[in-house]
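Okay, so here's the structure we're looking at.
Counting starts at 1 for both ligands and their atoms, in listed order.
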Amino acid sequence: MRCRECGSEHEPARLSVCPDCLGPLDAFYDYSEVDWSEDSLSRRPRSLWRYRELLPLLDHGKAVDLGAGLTPLRRADRLAKALGLREIYLKDDTVNPTYSFKDRPASVAVSKALELGYKVVGCASTGNLAAATAAHSARAGLPCYVFIPKGIEGTKISQAIAYGARIVSVNGTYDEANAVASRAADRFGWALVNINVRPYYVEGSKSLAFEVCEQLGWEAPDHIIVPIGSGALLNAIAKGFGELRDLGLIEGRGPKISGAQGQGCSPVVDAFRAGRDSIEPVEVPNTIAKSLAIGDPGDGVYALRRIRESGGFAEAPSDAEITEAIRLLGRTEGLFAEPAGAVTVAALKRLVASGAIEGDERIVCYITGNGLKAPEAVAPSEADILEISPTLEGPGAEILEVGAWRT
Ligand SMILES: Cc1ncc(COP(=O)(O)O)c(C=O)c1O
Ligand SMILES: [Zn+2]
């Protein structure tokens, strides 16, 4: 492990931050060990564990693998046409084992917690990580405590309950739930995946860079759009592209990386737009993208830096724009995303409108969570449902005759 701030190096032990300066720790590897030839990869698991040389587990036989990762990269020509673009791909992480990208970091973190000898795991969560950690801890046979703020989607709580987790509902914001969870981890000696196992946890998400490049025939896209909550995901994806470049597996400087948050909780986007280097926390987040409602993002400054270094942009679409993006994605491509996933499409739309995106770029939108986790985002309106009596001759049905309804 290497400290991102002071550069000191440490053994991959029970470490959540740099013991010297409390800075964040990044994993590094023996890069000469990597063999990702087509032949070698074809014999590997169809999950993120295929990239084992760059995952922080010492004994790979101990991986807790529910099959997270290796999700489809879908070319989205109908969406591209609707937005006036040439080449869009959707990285469809809605089809992970618990239906969000969080299965990636959870799989790595629960595996590492086992390796480090922890007996209890858990997390602080805006919803998706709760389900992902609960499922992987069930698979590992470890008890799991999830700390959640008030107001998250009931579906996500049900999921975590079904996987046997103990739910600790904290009467406050996500940041407050996170602070309480952190104290509980210290007091009880638990491994909370995104808190004291965080340096290992974040490594799972960089597989989202590896897969996109592998799926494009070891080419990097020109531009990627990534949702931001804590900023860990964006930072990890950027690290992943950097590792591929260092390994010579992709050429060029890597994609532009743009970030997306919901209006109502956009501390990173606000800092980007204001040209600031620091993040001003949002006291009380209020966005339909509840999974991204983190007012004081732990990796916010690093995400901001990554966006700037890559030449990318940042946008914070409104609730209405996000809901419209869910429907646009659904009706053009048959993909149903939760608000935190479709926010990248809403941001893309803004970037096209502002002229920031050029029409001939090869773009990848990361779609990180499944729409069935937050179905209330597509509450039916009168325009969606035609009510008729149980006959095709009755009142209302004549409109079907002329084919006039919702064309
Ligand atoms: C669906 C979804 N997308 C994106 C994110 C953002 O990830 P991060 O908090 O690592 O920035 C989250 C976080 O919970 C999420 O649930
Ligand atoms: Zn340090």
May I ask you to identify the nearest protein heavy atom to [atom], giving residue, atom name and distance to one decimal place in Å?
{"atom": "atom 9 (O) of ligand 1", "answer": "Ser230 N, 2.7 Å"}
{"atom": "atom 13 (C) of ligand 1", "answer": "Lys102 CE, 3.1 Å"}
{"atom": "atom 1 (C) of ligand 1", "answer": "Asn128 ND2, 3.2 Å"}

| request: For Ala260 and Val343, work out which heavy atoms get closest and say how close. | output: CB-O, 3.8 Å

| remark: Note: Cys213 and Ile250 closest approach over all heavy atoms is SG-CG2, 3.8 Å

| Would you say Thr126 contacts ligand 1, with heavy atoms under 4.0 Å as the rule? | yes

| Non-hydrogen atom of Phe101 closer than 4.0 Å to ligand 1 | yes

| said: Tell me whether the NZ or CZ atom of Arg14 lies within the 45° cone about the ring axis of Tyr118 and under 6.0 Å from its centre. | reply: yes

| Salt bridge Arg4-Asp26, side-chain N to carboxylate O under 4.0 Å | yes

| query | Would Arg350 and Glu321 pass as an ion pair if we require N to O under 4.0 Å? | reply | yes

Using a 4.0 Å heavy-atom cut-off, which part of [X] comes near ligand 1: side chain, backbone, both, or neither?
{"X": "Ser100", "result": "neither"}
{"X": "Leu292", "result": "side chain"}
{"X": "Thr368", "result": "both"}

| task | Please confirm whether Glu338 comes within less than 3.5 Å of ligand 1 when only nitrogen or oxygen atoms on both sides are compared. | result | no

| Gly369 N/O under 3.5 Å from ligand 1 N/O | no

| query | Between Ser291 and Glu338, is a side chain to side chain donor-acceptor pair (under 3.5 Å) present by the stated rule, with each step listed? | reply | CA-CA 9 Å; Ser291 313; Glu338 70 166 290; 2.8 Å; yes

| How are the rings of Tyr145 and Trp190 set relative to one another: parallel (under 30°), tilted (30 to 60°) or perpendicular (over 60°)? | parallel

Counting only pairs under 3.5 Å, give me each side-chain donor-acceptor contact of residues 165-175, with atom names and distances, residues two or more places apart or in other chains.
unit_1: Ser169; atom_1: OG; unit_2: Lys150; atom_2: NZ; d: 3.3
unit_1: Thr173; atom_1: OG1; unit_2: Asp175; atom_2: N; d: 3.4
unit_1: Thr173; atom_1: OG1; unit_2: Glu176; atom_2: N; d: 3.3
unit_1: Thr173; atom_1: OG1; unit_2: Glu176; atom_2: OE1; d: 3.3
unit_1: Tyr174; atom_1: OH; unit_2: Asn178; atom_2: ND2; d: 2.9
unit_1: Tyr174; atom_1: OH; unit_2: Asn194; atom_2: ND2; d: 3.3
unit_1: Asp175; atom_1: OD1; unit_2: Asp296; atom_2: N; d: 3.4
unit_1: Asp175; atom_1: OD2; unit_2: Gly295; atom_2: N; d: 3.1
unit_1: Asp175; atom_1: OD2; unit_2: Asp296; atom_2: N; d: 3.1

Pull out every atom of ligand 1 sitting under 4.0 Å from any heavy atom of [X], numbered as shown with elements.
{"X": "Ala232", "result": "10 (O), 11 (O)"}
{"X": "Gly231", "result": "8 (P), 11 (O)"}
{"X": "Ser291", "result": "12 (C), 13 (C), 14 (O), 15 (C), 16 (O)"}
{"X": "Ala340", "result": "1 (C), 2 (C)"}

Could you tell me whether the side chains of [X] and [Y] share a donor-acceptor contact shorter than 3.5 Å?
{"X": "Ser230", "Y": "Arg198", "answer": "yes"}
{"X": "Glu243", "Y": "Tyr51", "answer": "no"}
{"X": "Arg104", "Y": "Thr71", "answer": "yes"}
{"X": "Arg44", "Y": "Ser40", "answer": "yes"}

| field | Leu233, Leu234, Asn194: member with heavy atom nearest to atom 10 (O) of ligand 1 | value | Leu233

| message | Within less than 2.8 Å, report the number of protein N/O/S atoms around the Zn ion (ligand 2). | response | 4

| message | If the test is side chain to side chain contact (heavy atoms under 4.5 Å, CB included), which one of Val268, Ile307, Asn235 qualifies with Tyr302? | response | Asn235

